[in-house]
Amino acid sequence: MPKQHNMPEQLFKIRHSLAHIMAQAVTERYPDARPTIGPPVENGFYYDFAVPQPFTPEDLAAFEQRMKEIIQKGVVFQRKEVSAEEARRLFAGNPFKLELIEGLVSGAGDDMGESEEETPDSQSAAGNSQSVISIYTHDTFTDLCRGPHVASTREINPQAFKLTASSGAYWRGDEHNPMLQRIYGVAFETPQELQHYLQQVEEAKKRDHRKLGRELEIFFFDDEIGPGLPLWQPNGAAIIEELEKLAKEIELKHGYKRVRTPHVTKEDLFLRSGHLPYYAESMYPPMELDDGVKYYIKPMNCPMHHKIFGSKPRSYRDLPIRLAEYGTCYRYEKSGELFGLMRVRSMQMNDAHIYCAEEQFEQEFMDVIAMYLEYFNLFGIDKYVMRLSTHSRKGLGKKYVDNESLWLKTEDMVRRAMQKHNVPYVEQADEAAFYGPKIDVQIWSAIGREFTLATNQVDFAVPARFDLKFTNREGKEETPLCIHRAPLSTHERMIGFLIEHYGGAFPVWLAPIQAVLIPIADRHIEYCQQVAQRLAEIGLRTEVDDGNDRMQNKIRKAQGQKIPYMLVAGDKERDAGAVAVRLRTGEDLKAMPVEQFIARVQPIITERKADL
RNA sequence: GCCGAUGUAGCUCAAUGGCAGAGCAAUCGAUUUGUAAUCGAUAGGUUACGGGUUCAACUCCCGUCGUCGGCUCCA
């Protein structure tokens, strides 16, 4: 996603000006530091510096203090337009600024670090010759900048910002470029808004799936097993089972057939698919057998499914053919990219491949979109963005299959299908798969990191590499299109997301433990076990808390585990064949016969309702 | 992979070069309780791992591994 600057004008100016003030503080303390770019961003701002030594936490505290002093002086920001020569002279000691100036001169970009839209054809030369170079000066500091800025630092509340972090960042976001040091700040108009934001961040940390996953005993990582390789505890496995059950039901309804494929395969398969050598760095290294044949652990399932499609002659009458598998894949993600369950090295994908004729494409593609919406509606997921990810011309032959007309054609197919069915989406160039455009569903983790949850991809290239064919109406051989889709993402990312989405309080059908039986005294344990047995008969995941705690503490523990139903049983309930039902919301439904509880719960589970 | 921070009991955290501790969890005992913490006792550690400095290292230094915050990348 590009950085969106849809914040109010004044806030934009405050944040942008704070970035300049920070640059002043930094260059005062470290005259060797070379400021590069420093834009406002969501919730604040950052500035990247080229420095000989990375900043320390003490540096940040000192910068923040100095910034407050500068703000309190009430200095003004002054804009001045300069010629290219003057700009070059002013920033002669700063190669990064000089690069920016050359960019401005050639009309390629600005000091916000944003590249202009990649539309070389439509781009007239108009902006180039007359691009304005402006500088802003406040106090002792002058920066190359488009602006706008506050008129005076009196518009900035010195108590309404905070420097939060420093980290490395590559110049212009390219890992082949030198690494700069970035300082992040958060900033608002008032101290109250800052406090509110900081509190929100604290609240979000409580929903973090890494924290909840441990507390709720859903999954964990172990040093001896390896980074990015989660172990699913019984609670996590219960969630997985439910998701697979859901997927199988829905996919059956949508005409999918289930297949199973091996986890390892000869190198030849991935050479054929084109993943090797291109994708090799994201794959676990091969194992070489005695005869010198290399085998890889699969990073995706598609080539295997292609083989199944190609295993016999296909007629147009057979299409579309939809092959589904919860395939287990392994990807050697770079160590620094791992992130709890959201980014792992072993994963189980809600994968399927749909082979269809071109005239069937729209219906198949939209059926997948409908499936997404069906799932999202079920989970109550509404904070997502559907993104049409398209190719870029400069990536043709490198990141993307080199066939521009097919790209344009398939992108248009997707675009028209989405528009015709009124599904909102945004478009993002240069994010496509190497074999075709796709609809990605973007979501955000509790701490605000963006991920692709589900994906729906067009593949106009790989079926041909596998010589996939069907016989069309005219008796001629034709290559099918392939749709790769994963509406439920991978178990790992989906469950990571769902933990945060529900804050650990899963709907009953997904809850790892659906009801806990709480005996009031030891003499009620046996009765509780009988009830638990009965509940197990209808498929409820139940436990009896026969521990030595008092009932109150058992409730507290169940509450902490976010178990939907707490079923309390004492003398009265035992004698009446009843349980006293307490919901995790705190609501007390009082005693009811066990069969009445079952009658309440069963439809909630089978219909996968959100309520308790 | 890169930059930085960080790693103490299952979990959350103390101990700033001088005997490694607390709360929760666990185990045992007592209690038998009516809707968010009953009481007591016990056990739990080669302070991530490997080197080094020092009379003495959880503490200082170096390396490895993991984790966290970013960058890059992605289901």
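Throughout, protein chains are lettered first and strands after them, A, B, ... in sequence-line order, and every chain is numbered starting at 1.
Near RNA chain B, defined here as any heavy-atom distance below 4.0 Å, the residues from residues 558-567 of chain A are A:Gln559, listed numerically. Listed in residue order, the members of residues 513-532 of chain A having a heavy atom less than 4.0 Å from RNA chain B are A:Ile520, A:Ala521, A:Asp522, A:Arg523.
Within 3.5 Å, a donor on the side chain of A:Arg343 pairs with an acceptor on the base of B:C73, or the reverse. No donor-acceptor contact under 3.5 Å links the side chain of A:Tyr170 to the base of B:G70. The base of B:A36 has none of its N or O atoms less than 3.5 Å from a complementary donor or acceptor on the side chain of A:Arg556. Looking at A:Ser489, its side chain has no donor and acceptor atom pair within 3.5 Å of the base of B:A75. A donor-acceptor contact under 3.5 Å is formed by the side chain of A:Arg582 with the base of B:A36. Applying the 3.5 Å distance criterion, the base of B:C73 shares no donor-acceptor pair with the side chain of A:Arg331. Side-chain atoms of A:Gln181 and base atoms of B:G70 include no donor and acceptor less than 3.5 Å apart.
Between the side chain of A:Tyr527 and the backbone N or O of A:Gly570 there is no donor-acceptor pair closer than 3.5 Å. Using a distance-only test at 3.5 Å, with no hydrogens or angles considered, no donor-acceptor pair links the side chain of A:Tyr46 to the main chain of A:Ser166. Checking side-chain atoms of A:Ser445 against main-chain N and O of A:Arg449 turns up a donor-acceptor pair under 3.5 Å. A donor-acceptor pair under 3.5 Å is absent between the side-chain atoms of A:Ser282 and the main chain of A:Arg331, judged by distance alone.
Atom pair A:Met179:CE and B:C2:P shows a separation of 9 Å (rounding to whole Å applied). A straight line from OH of A:Tyr330 to P of B:A75 spans 19 Å, rounded to a whole angstrom. One interatomic measurement links the two molecules: CZ of A:Phe339 to P of B:U72, which rounds to 16 Å at whole-angstrom precision. One can place NZ of A:Lys557 at 9 Å from C1' of B:A37, the figure rounded to the nearest angstrom. A:Glu337 has its CD atom 14 Å from the C1' atom of B:C3, to the nearest Å. Rounded to an integer number of Å, the gap from CZ of A:Arg345 to C1' of B:A75 is 16 Å. Taking atom CD1 of A:Ile183 as the reference point, atom P of B:G69 lies 19 Å away to the nearest angstrom. Protein atom NZ of A:Lys572 is 13 Å distant from nucleotide atom P of B:U33, rounded to whole Å.
Separating the C1' atom of B:C60 from that of B:G69 is a span of 26 Å, rounded to the nearest Å. Distance check on atom P: B:C58 versus B:U8 gives 15 Å, rounded to whole Å. Here the separation of B:U38 from B:U31, taken at their C1' atoms, is 7 Å to the nearest Å. Across the P atoms, B:U12 and B:C68 are found 12 Å apart, a figure rounded to whole Å. Only the P atoms considered, B:A41 is 26 Å distant from B:U46, to the nearest whole Å. Nucleotides B:U64 and B:G4 have their P atoms positioned 13 Å apart, rounded to a whole Å. B:A57 and B:G17 are spaced 6 Å apart, taking the C1' atom of each and rounding to whole Å. Straight-line distance between the P atoms of B:U67 and B:A56: roughly 35 Å, to the nearest whole Å.
In this structure A:Asp459 satisfies the side chain to side chain contact (heavy atoms under 4.5 Å, CB included) test together with A:His306, A:Tyr435, A:Ala461, A:Val462, A:Pro463, A:Cys482, A:His484, sequence neighbours excluded. Annotation: ring-ring contact (aromatic ring centres under 6.0 Å, His included) contacts of A:His491 (sequence neighbours excluded): A:Tyr326.
Distance from the side chain of A:Pro227 is smallest for B:U67 among the nucleotides B:G1, B:U67, B:A75. The side chain of A:Tyr184 has B:C71 as its nearest neighbour among B:G69, B:C71, B:A75. Side-chain proximity of A:Gln552 to the nucleotides B:A25, B:A75, B:G34 is greatest for B:G34.
Contact detail for A:Ala558 and A:Met566: the closest heavy-atom pair is CB-CG, 3.6 Å. When all heavy atoms of A:Gly560 and A:Leu216 are compared, the pair lying nearest together is O-CD2, 3.8 Å.
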Once base and sugar-phosphate atoms are separated, protein heavy atoms under 4.0 Å mark nucleotides 39-48 of chain B, 5' to 3', with B, S and - as ----------

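Residue-level contact check: A:Gly586 touches neither bases nor backbone, having no heavy atom under 4.0 Å from any strand. Residue contacts shown for A:Leu180 are absent, as no nucleic acid heavy atom lies under 4.0 Å away. Within the 4.0 angstrom heavy-atom criterion, base atoms lie near A:Glu573. Here A:Lys438 lies in heavy-atom contact (under 4.0 Å) with sugar-phosphate atoms only. Across all strands shown, A:Asp571 has heavy atoms under 4.0 Å from base atoms, whether or not it also approaches the sugar-phosphate.
Between A:Phe497 and A:Phe451, the ring center distance fails the sub-6.0 Å criterion. Aromatic ring centres of A:Phe376 and A:Tyr384: separated by under 6.0 Å. A ring-centre distance under 6.0 Å is found for A:Phe96 and A:Trp171.
Side-chain contact of A:Gln561 with A:Arg556: a donor-acceptor pair under 3.5 Å is absent, judged by distance alone. Side-chain contact, A:Asp430 with A:His391: no donor N or O sits under 3.5 Å from an acceptor N or O. A donor-acceptor pair shorter than 3.5 Å can be found between the side chains of A:Glu450 and A:Gln442. Donor-acceptor pairing under 3.5 Å is recorded for the side chains of A:Arg182 and A:Tyr184. A donor-acceptor pair shorter than 3.5 Å can be found between the side chains of A:Asp440 and A:Thr455. When only modelled atom types and interatomic distance are considered, A:Glu325 and A:Thr261 share a side-chain donor-acceptor pair under 3.5 Å.
Contact annotation: A:Arg214 side-chain N/O to B:U12 OP1/OP2 distance is under 4.0 Å. Within the 4.0 Å cut-off from OP1 or OP2 of B:G70, at least one side-chain nitrogen or oxygen of A:Arg449 is found. For B:G66, neither phosphate oxygen OP1 nor OP2 lies less than 4.0 angstrom from any side-chain nitrogen or oxygen of A:Arg210. For B:C3, the OP1/OP2 oxygens have no side-chain nitrogen or oxygen of A:Arg182 closer than 4.0 Å. Close to B:C74, at under 4.0 Å from its OP1 or OP2, lies no side-chain N or O of A:Thr452.
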Treat a base pair as Watson-Crick or G-U wobble with both distances under 3.5 Å, then lay out RNA chain B in dot-bracket form, 5' to 3', with | for cross-strand pairs. (((((((..((((....[..)))).(((((.......))))).....(((((..]....))))))))))))....

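Geometrically, A:Arg15 does not engage A:Phe45 in a cation-pi contact defined by less than 6.0 Å to the ring centre and at most 45° from the axis.
Position along RNA chain B of the nearest nucleotide to A:Lys334 versus A:Val441 favours A:Lys334 as the more 5'-ward residue. For A:Leu453 and A:Asp588, each mapped to the nucleotide of RNA chain B holding its nearest heavy atom, the one lying further toward the 5' end belongs to A:Asp588.
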